[in-house]
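Accompanying notes for the structure given below.
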Amino acid sequence: MSGTIVLLNLAGAVALLLWATRMVKTGVERAYGDALRGRLRSTLGNPLLAVIAGAGLAIAFQSSTAVTLLIASFAGSGVVGGMAGQLAVRGAEVGSALLVKLLSFDLRLLVPLCLVAGTSFFMATERREWRQLGRILVGIGLMILSLEMIGAAAEPLRDSKLLPVIIGYFSGDPVTAFLIAALMTWLFHSSIAAVLLLVALAGRGLIPAELGVVLVLGVNLGSSVIAPLLTRGAAPAVRVVPIGNLLMRGAGSLVVLTLLLTFKPPLALLGTTVPDQIVHAHILFNCVILLAGIPLAGLVYRASKALVALSSPTVPEVAPAERSALEEDALDRPSQALANATREVVRICETIEIMLVEIMELYRTPDKARIDHLAALDDRVDRWHAAIKIYLAKVTAHQLSESEAMRCQELIGACIKLEQVGDIIVRNMLVHVRKKMDRKLEFTEDGWRELTAFHASVLANARLAFNVLVSRDRETALQLVQEKDRLRDREKSSTQGHFERLRAGTARSVETSSIHLDTIRDLKQINSLLASIAYPVLEEQGLLRGSRLRAS
C-alpha cells in the first residue's frame, strides 16, 4: 500500500474520531446541558464537590475545554468565584483523562450495539430528548469505530523504512516532539482525541513509551492553550479561569518534562504495555496538577488576575461606528435588501449580548464610567433600530413575494423587541445599579447566587434567540420557547427563596429586597421578549396554537 493511501486512511480515521467526539458533546449539551449546568452551579461552592462536578461534566461533554469555557462564563457572571472555578477545571482535566482510560479498553462489541440503538432512538420518535440520546449513542459507536480504523490504517506503517527515522529523530529531540504534540492538540481542539490517537499508534508498536509520555505532556500544554485563545476577547472576569488553567497545566507540563528528561524515571511503573503507560501518564499528570493546585490556588488566582489586568483596558470604549450594511442600491432587489437588514439586526444582537453581560458585572461592581458606557451602547441600539425600520419600510414599497414579506415583518418585530430589551437594561436595571451604588447595598450570598443563575439562563436563551433569528432552525426555536416555561419555574423558586430569607429577618435581604425582586422581573420580561423571536418560525411550521405550543 502506498504511503499516500496510508496517510489518507489515517487522516480519515482521525477526522471520524473528531466528528464523533463533537457529536457526543453536542447531543449531551442539547439533551442534558441545562440540568448539568444547574447541578454545577449548585456544587461550585464546595471545593471537593466542584472537583467532582468538573470531572463528571468533562466525561459527559467529552471535553475539558467545554467545561472550562462553561465555568469561565459562570465566573464572568459572578455565579462562582475564580478560585472555585479553577478547582472545578482541575477536576475536569482529571475526568477527561479518565475518559481516555475508559475508551482505551477493547469496546468493539459496543460499536454495533450503539449504532443500532442510537439510530433506532433517533429515527423512531420526534421527541427531542430521545433523538439526542440517539445522537449520543451513535457518536459513542463512531468513536470506538474510529479507534479501530486508526489502528488498521496505521498497520502498514510498521513496514515503513522512513518511520523509524522519524521516530528516532523525535526521540532524540523531545522538545520538538513536545511542541508538535501541543500544536496537534490545538488543531484538534480535543485532548481526548489527541491522546487516543497516540494510544492507537502505540498499540501498533509505532511509538515507544519514552516518546509517548513526552507527547502526552505536549498534549496537555496544547489543551491548556485552547480556552484562553477562545476567550481572548471576553470580559476580564471570564478570562481569569482559562488563564489560571494555562498557568497550572501549561507550566506544569513544562516542569514535568524537565524532570522527566533530567531524572529519566522507570516508565514500567506506569503499566506493562506502552498504551497503558501513555494513558496512565496522562492520568497521573492531571492528578498531580489537581493536588498541587489546591495549596497553590490562591497564588494562581492572583497571578491570573494580574495577567488578565495587564491585557485589559480599565474602561471599555465604545467601538467606532461600522459601515452600515443598509445599502440603498439594493432596495430594488428585496432578497438582497433583506439580507442587508439581517446583517444590521445581527449587529444589534451582538450589542444586546454585550449589554446583558455588562449589566450583571455592574450589579457586582458598580462603576460610573461603565454605567456611562452601557448607556452609550443603548444609544447605538436606538440609532440602528430607527435606521433598520426606515430601510425595511422602503423595502415594502417594492414587489415582495409572500416569504419575503413575512421575513420583512419578522425582522421588524425582532428589531423592536431588541430595542425594548435595551431599554429595560438601561431604564430599569441601571436604575437598580445606581440605587445599589448610592446606598452601598450588598446582596446576601444566596440572593446573589440566585440572581446570577437566573441571569445566566436568560443570557443563554438570548444566544438561542439570536441563532433562531438567523438560522430559523425549528429545533432551536422549540428549545427557546420551552426554556421560557422553565424560566418561569426558576422565577417562582427564586422569589420563594427570597421571601424565606425575609421571614428569617436577614438584614441584607431586607435592604436589597426591592432590587432583587425588580431585577428578577426585568430579566423575565427580557426573556419573554427574546423568546417571542421564535414565534414566527414555529407559527410558519404549524407548531403554535394561539400563544401556546402544540402537543408533541
Side-chain angles (χ1 to χ4, degrees), residues 1-29 61-66 96 99-119 122-123 134-167 169-170 177 179-208 211-212 215-216 218-219 222-223 226 274-275 278-279 282:
M1 186 181 293
S2 70
T4 302
I5 295 177
V6 171
L7 292 178
L8 185 61
N9 288 335
L10 187 59
V14 172
L16 180 61
L17 174 60
L18 295 174
W19 177 260
T21 303
R22 180 177 178 83
M23 193 174 184
V24 175
K25 173 177 173 290
T26 302
V28 171
E29 285 181 341
F61 286 140
Q62 305 275 296
S63 171
S64 59
T65 300
S96 175
L99 179 61
V100 171
K101 177 62 179 177
L102 176 63
L103 293 173
S104 68
F105 291 123
D106 186 357
L107 303 173
R108 283 175 291 183
L109 182 61
L110 290 179
V111 173
L113 295 177
C114 288
L115 293 178
V116 170
T119 303
F122 193 87
M123 301 288 289
R135 182 189 299 274
I136 294 168
L137 291 174
V138 170
I140 292 173
L142 292 179
M143 284 180 66
I144 301 170
L145 179 62
S146 69
L147 296 176
E148 295 297 317
M149 290 175 61
I150 289 172
E155 186 67 30
L157 293 176
R158 287 186 176 188
D159 302 323
S160 170
K161 296 179 180 179
L162 179 61
L163 185 64
V165 177
I166 297 174
I167 296 298
Y169 172 79
F170 284 132
L179 295 176
I180 287 179
L183 177 62
M184 176 186 70
T185 305
W186 178 77
L187 291 173
F188 284 1
H189 270 42
S190 171
S191 61
I192 293 174
V195 177
L196 287 175
L197 175 60
L198 297 179
V199 170
L201 295 177
R204 292 302 193 273
L206 301 176
I207 299 178
L211 179 59
L215 293 173
V216 158
V219 167
S223 179
I226 298 171
V274 176
I278 290 176
V279 173
H282 185 46

Exercise. Could you tell me whether the side chain of Thr65 reaches within less than 4.5 Å of the side chain of His189, counting heavy atoms only?
Key: no

Self-check item: Nearest heavy-atom neighbours spanning Ile192 and Ser96
Solution: CG1-OG, 3.3 Å

Quiz item: Does Met184 reach the side chain of Leu197, with side-chain heavy atoms less than 4.5 Å apart?
Solution: yes

Quiz item: For Ile180 and Phe170, what are the C-alpha separation, side-chain angles and deciding distance, and is it a side-chain contact (heavy atoms from CB on, under 4.5 Å)?
Solution: CA-CA 10 Å; Ile180 287 179; Phe170 284 132; 3.4 Å; yes

Exercise. Compare every heavy atom of Leu198 with every heavy atom of Ile278, then report the nearest pair and how far apart it is.
Key: CD1-O, 4.2 Å

Exercise. Nearest 0.5 Å please: distance from the CG atom of Leu142 over to the CG atom of Leu115.
Key: 5.5 Å

Quiz item: So which heavy atom on Leu137 is nearest to which on Gly118, and how close?
Solution: CB-CA, 3.7 Å

Quiz item: CG/Leu110 to CZ/Phe105 distance, rounded to the nearest 0.5 angstrom?
Solution: 12.5 Å

Quiz item: What's the shortest heavy-atom distance between Ile226 and Trp186, and which atoms?
Solution: CG1-CD1, 4.1 Å

Quiz item: Would you say the side chain of Phe188 lies within less than 4.5 Å of the side chain of Thr21, judging by non-hydrogen atoms?
Solution: no

Quiz prompt | side-chain hydrogen bond (donor to acceptor under 3.5 Å, both in side chains) against Ser223, all qualifying residues, sequence neighbours excluded | solution = Arg249

Quiz item: Considering residues at least two apart in sequence or located in another chain, which fulfil the salt bridge (Lys or Arg N to Asp or Glu O under 4.0 Å) criterion with Arg204?
Solution: Glu155

Exercise. Check whether any side-chain heavy atom of Leu147 sits under 4.5 Å from a side-chain heavy atom of Leu196, and report yes or no.
Key: yes

Quiz prompt | Taking every non-hydrogen atom, the tightest pair across Ala193 and Leu18 | solution = CB-CD2, 3.6 Å

Quiz item: Of the non-hydrogen atoms in Leu206 and Ile167, which two are nearest, and what is the gap between them?
Solution: O-CD1, 3.4 Å

Quiz prompt | pair Val216-Val279: side-chain heavy atoms closer than 4.5 Å | solution = no

Practice problem: Can you measure from CD1 (Ile150) to CG (Asn9) and round to the nearest 0.5 angstrom? | Solution: 12.0 Å

Self-check item: Distance (rounded to the nearest 0.5 Å) between Met23 CE and Ile136 CD1
Solution: 10.0 Å

Self-check item: Spatial distance of atom CG (Leu10) from atom CD1 (Ile5) [nearest 0.5 Å]
Solution: 13.5 Å

Quiz prompt | Residues that Ser191 engages under side-chain hydrogen bond (donor to acceptor under 3.5 Å, both in side chains), provided they are two or more places apart | solution = none

Quiz prompt | Reported CG-to-CE distance for the pair Leu107 and Met143, which is rounded to 0.5 angstrom | solution = 10.0 Å

